[in-house]
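Remarks on the structure that follows.
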Amino acid sequence: MDADLKPYDRMKDSGVEWLGDVPAHWQACRLKRICRLSYGDSLTDDSRVSGEVLVYGSNGVVGKHNKANTIAPCIVVGRKGSFGKVNWCSERAFAIDTTFFVDARFSNADMRWLYYLLGWLRLDAITKDSAVPGLDRGDTYQRLVPLPSLTEQTAIARFLDHATDRIDRYIQTKEKLIALLEEQQQVVVHDAVTGRIDVRTGSPYPAYRPSSIEWLGDVPAHWEVKRLRNIGKALIGITYNPDDVVERGKGILVLRASNVREHRIIDADNVYLRCQVPERLLTRTGDILICSRSGSRALVGKNAVIDANSAGVTFGTFMTVFRSASNEFLRFAFDSTLFERQSGAFLTSTINQLTLSMLYSIRIPFPPRAEQTTIVRYLEDETQNATRAIARKRREIELLREYRTRLIADVVTGKFDFDLQGSAADLPEVALYTNARRP
């Protein structure tokens, strides 16, 4: 797509170092000249009335109400909490008091162009409030931005709608393929660790017996159903003082929920401590690290296997390590619906915690040791190709998102002239969806 875009013939210095040159006929001005960020209104849960108007909080849609405080379309910007997040709404909405909003009453600009401009500004980097992160309106108004004519704004918006729609569709296609690969992988793992098939023959076992677990059904007759307390030992991580947190490389790494993603340990949002850690609380290769408590219910039960790169560090108090001689087999059992279904059953709307007693009570169908080894080797072979394919698709999605971000930045800052009166006008109309209702 970039190959079809050419730079403007005449450029000038914007006077803003980080912005660089802009088209000669554009201006560089403060955001306050372009729009007014209007405060949202208070709306408690008790005061909401059933209706079809979307209610927006700082992170997006948080419910519905029977009346709106915006006109359509509108842009809603997070003010507190997830500040700086920019949402588009094609219909009337209710913006609550943790947000700002902009509609045609508060700006003469093309609203879609303004949506792209606000997204490019990275408003999540502007805050003065360290206790409760928030977007400072005064600072935001002082941001210098490139300003094209209204005609060009409309053409830019039309081009970006068309271009980003194509990119988003590519991403959706790849996400659907990932979902199919993960589903296929899940079925293979589940059938093997529950004994639905004998991996040595590809057929069911000759004889089965009731497992005494209604949702699990029958298991191979020679397998046992064991609780985790009879298989290994679970260890809760360390509690630490914020004063003990040090810079990277000056202390020991503490693994937390943010380090667990897709059953792998990742380098993200790391915390290092200056303290002595008991040897038993140092991770070992093959340990299964489990998120046992979180503000997000979806994170509880997420797990990953400690590899050589993540061994020898420690883990926080909201994390649990499980150790046993059968961890090679258990890592697949933990990666199946066996663990997900039982760990989720212990959670409530108010307690997002998987205690040791809860963890120990989880039941696993358990084959003899030699058979465990056979199942592990089979699953390693069977899931390897799918895992690689999923990783490739995720990387492709990352690159597409990076390209999308760069394209928006290049177009709204005037790096490309795409024949505004010609090519943009000829582009097909793109359906504009409210973020929360995009199909």
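Every value quoted in this text rests on a predicted model; they were computed, and no experiment measured them.
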Is there a donor in the side chain of Asn259 and an acceptor in the side chain of Asn270, or the other way round, less than 3.5 Å apart?
-> yes
Residues in ring-ring contact (aromatic ring centres under 6.0 Å, His included) contact with His190, at least two apart in sequence or another chain | none
Listed once per pair and sorted, the salt bridge (Lys or Arg N to Asp or Glu O under 4.0 Å) pairs that draw on residues 183-192, sequence neighbours left out | none
Is the closest side-chain donor-acceptor distance between Thr387 and Gln185 under 3.5 Å?
-> yes
Could I get the full list of side-chain contact (heavy atoms from CB on, under 4.5 Å) partners for Asp381, not counting sequence neighbours?
-> none
Taking the six-membered ring for Trp, are Tyr360 and Phe322 parallel (under 30°), tilted (30 to 60°) or perpendicular (over 60°)?
-> perpendicular
Only pairs at least two apart or in different chains count here, so list each salt bridge (Lys or Arg N to Asp or Glu O under 4.0 Å) that has a residue in residues 273-282.
-> none
Worked check of side chain to side chain contact (heavy atoms under 4.5 Å, CB included) between Leu228 and Leu330 = CA-CA 10 Å; Leu228 286 179; Leu330 284 176; 4.2 Å; yes
Who pairs with Trp223 by side chain to side chain donor-acceptor pair (under 3.5 Å), at least two apart in sequence or on another chain?
-> Glu371
Rounded distance [0.5 Å steps], CG in Asn327 versus CZ in Arg284 = 11.0 Å
Within residues 299-315 or reaching into it, pairs that qualify as side chain to side chain donor-acceptor pair (under 3.5 Å) - sequence neighbours excluded = His263-Asn303, Asp307-Ser310
For this output row, return yes or no: ring centroids of Phe101 and Phe106 closer than 6.0 angstrom.
-> yes
Using ring-ring contact (aromatic ring centres under 6.0 Å, His included) as the criterion, list what pairs up with Phe94, not counting sequence neighbours.
-> His65
Quick one: do Arg331 and Asp335 make a salt bridge, cutoff under 4.0 Å?
-> no
If you measure only the distance, is there a donor-acceptor pair under 3.5 Å linking the side chains of Glu328 and Thr373?
-> no
With Arg394 via side chain to side chain donor-acceptor pair (under 3.5 Å) - residues at least two apart | Glu182, Glu262
Taking the six-membered ring of Trp18 as reference, does the NZ or CZ atom of Arg143 fall below 6.0 Å from its centre and within a 45° cone about the axis?
-> yes
Can any side-chain N or O of Asp110 pair as donor or acceptor with the backbone N or O of Arg112 at less than 3.5 Å?
-> yes
Step by step, would you call Val102 with Arg36 a side chain to side chain contact (heavy atoms under 4.5 Å, CB included)?
-> CA-CA 7 Å; Val102 185; Arg36 172 186 157 196; over 6 Å; no
In residues 231-249, what donor-acceptor pairs under 3.5 Å come from side-chain atoms, sequence neighbours left out?
| unit_1 | atom_1 | unit_2 | atom_2 | d |
| --- | --- | --- | --- | --- |
| Thr239 | OG1 | Thr317 | OG1 | 3.4 |
| Asn241 | OD1 | Asp243 | N | 2.8 |
| Arg248 | NH2 | Asp267 | OD2 | 3.0 |

Phe329: what forms a ring-ring contact (aromatic ring centres under 6.0 Å, His included) with it, not counting sequence neighbours?
-> Phe366
Between Asn87 and Tyr115, a side-chain donor and acceptor under 3.5 Å = no
Please examine the side chains of Ile362 and Arg227, heavy atoms only from C-beta on, and report whether any two atoms are closer than 4.5 Å.
-> no
Whether Asn66 side chain and Val53 backbone form a donor-acceptor pair below 3.5 Å = no
Residues at least two apart in sequence or cross-chain that pass salt bridge (charged side-chain N to carboxylate O under 4.0 Å, His left out) with Asp103, listed by chain then number, are Arg105
Please list, chain by chain and in numerical order, all residues satisfying ring-ring contact (aromatic ring centres under 6.0 Å, His included) with Tyr378, sequence neighbours excluded.
-> none
